[in-house]
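Residues take their numbers from the sequence shown, with the count starting at 1.
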Amino acid sequence: MDVSRRARVWRHGRSRSRERMVFDGWIAGAGTSSGTRLVLGHWAHSPFGPFSDVMLERGDGHRLLLAPDRRTAGFVAGTYTFDEVRIVPVGVEVRGDTWAVSAGPLELRFTTGRRGPLGLLLRAVPRRLAVTPAWIAVVDGPARLLRGVRTRGSAGAGRREWYGARDLRPVRRVTASYDGVGLGALAAVEPAVRFGFGSTPRAPCVVRVTTTVALYGGAATGQGRMEST
């Protein structure tokens, strides 16, 4: 069975069960000179099928989720924390090193550079090892040297998450606008975003990642005001 395409149910202890949901794709994080920080999730395989979503945190701290439908919006908003949730069409096109993202009021375009030593190191780890909770626990310590980064932790609705990073490329250029207003030049992801227990690295980058989310009994309730456009 391909665990990247469907969920598994497994036992934890003697009496509680938890469903493990696996999302395989990319997470991109970048800051802008306006103070807005952006996090794109681009999932090739997930229990919901392929989808993409964007999380934004403005300079004033307002946290916004842009998601393509109520099902994915409910799940993401139940796992992370937002002040506002908007359901909008989310499209991602990747051509070589250039990514183009359209998500309702947001237009985002960024270009990646050549992978550095960290990206080469991540690629050298076999996938079967890189996505296991035991390995992710081992690398959580070194990952914390990157300010705000965590590879495992507690999420909303009693969930647990593990991030198995498998590659990393730097983001070199960004063009972004929201409601037609430019967000400024590329900048560090600073301060760290506050959607969950960890942030993307301070240096803008795209990470190839397998994310595992363990659910304990019952569906999560999304947070924040939800609007459709």
Engineer: Roughly how far apart are Ser154 OG and Arg159 CZ, rounded to 0.5 Å?
Structural biologist: 12.5 Å
Engineer: For residues Val54 and Val94: do they belong to one hydrophobic cluster (side chain heavy atoms under 4.5 Å, members Ile, Leu, Val, Met, Phe, Trp, Tyr)?
Structural biologist: yes
Engineer: Give the minimum heavy-atom separation between Val88 and Pro105, together with the two atoms involved.
Structural biologist: CG1-CD, 4.4 Å
Engineer: Assigning hydrophobic clusters by single linkage (Ile, Leu, Val, Met, Phe, Trp, Tyr; side-chain heavy-atom cutoff under 4.5 Å), is Val206 placed with Leu108?
Structural biologist: yes
Engineer: Are there over 12 heavy-atom neighbours, none belonging to Arg173, within less than 6.0 Å of that residue's CZ?
Structural biologist: no
Engineer: Could you tell me which non-hydrogen atom of Ala44 sits nearest to which non-hydrogen atom of Pro50, and how far apart they are?
Structural biologist: O-CG, 3.5 Å
Engineer: Group every Ile, Leu, Val, Met, Phe, Trp and Tyr by side-chain heavy-atom contacts under 4.5 Å, then state whether Val131 and Met21 land in the same group.
Structural biologist: no
Engineer: Should Thr32 and Arg37 be marked as a side chain to side chain donor-acceptor pair (under 3.5 Å) after you check the CA-CA gap, both sets of side-chain angles, and the distance that decides it?
Structural biologist: CA-CA 6 Å; Thr32 63; Arg37 286 92 72 211; over 6 Å; no
Engineer: Determine whether Ser199 and Val189 make a side-chain contact, defined as any pair of heavy atoms from C-beta on separated by less than 4.5 Å.
Structural biologist: yes
Engineer: Grouping I, L, V, M, F, W and Y whenever their side-chain heavy atoms are under 4.5 Å apart, do Val213 and Val76 come out in a common cluster?
Structural biologist: yes
Engineer: May I ask you to decide if Val207's main-chain N or O and Arg169's side chain share a donor-acceptor pair within less than 3.5 Å?
Structural biologist: no
Engineer: Which heavy atom in Leu122 sits nearest to a heavy atom in Ala165, and how many Å separate them?
Structural biologist: CD2-O, 3.7 Å
Engineer: Rounded to the nearest 0.5 Å, what's the gap from OG1 on Thr72 to CH2 on Trp43? Could you check?
Structural biologist: 12.5 Å
Engineer: Tell me yes or no: between the side chains of Thr212 and Arg20, is some donor less than 3.5 Å from an acceptor?
Structural biologist: no
Engineer: Is the Trp99 ring parallel, tilted or perpendicular to the Trp26 ring (thresholds 30°, 60°)?
Structural biologist: perpendicular
Engineer: How close do Tyr178 and Leu56 get, heavy atom to heavy atom, and via which atoms?
Structural biologist: CD1-CD2, 4.0 Å
Engineer: Under 3.5 Å, side chain of Ser33 to main-chain N/O of Ala185, donor-acceptor pair present?
Structural biologist: yes
Engineer: Working to the nearest 0.5 Å, report the span between CG of Asp60 and OG1 of Thr36.
Structural biologist: 8.0 Å
Engineer: State the CE-OG1 distance between Met55 and Thr81, to the nearest 0.5 angstrom.
Structural biologist: 10.0 Å
Engineer: Measure the CZ-CG distance between Arg172 and Leu186 for me, rounded to the nearest 0.5 Å.
Structural biologist: 9.5 Å
Engineer: Checking Glu57 side chain against Phe195 main chain: does a donor-acceptor pair fall under 3.5 Å?
Structural biologist: no
Engineer: Using atom types as modelled and distance alone, determine if a side-chain donor or acceptor of Arg194 lies under 3.5 Å from a backbone N or O of Arg63.
Structural biologist: no
Engineer: How many angstroms lie between OG1 in Thr210 and NE2 in His45, if you round to the nearest 0.5 Å?
Structural biologist: 9.5 Å
Engineer: Linking I/L/V/M/F/W/Y whenever their side-chain heavy atoms sit closer than 4.5 Å, directly or via other members, would Leu120 and Leu168 fall into one cluster?
Structural biologist: no
Engineer: Are Phe75 and Phe51 close enough, and set up right, to give a ring-ring contact (aromatic ring centres under 6.0 Å, His included), and what steps lead you there?
Structural biologist: CA-CA 12 Å; Phe75 180 84; Phe51 77 97; 8.3 Å; no
Engineer: For residues Ile87 and Ala73, report the shortest heavy-atom separation together with the two atoms involved.
Structural biologist: CG1-CB, 4.2 Å
Engineer: For a quick test of reading the model, state the closest non-hydrogen atom pair linking Gly196 to Tyr80 and the distance between them.
Structural biologist: CA-CD2, 4.1 Å
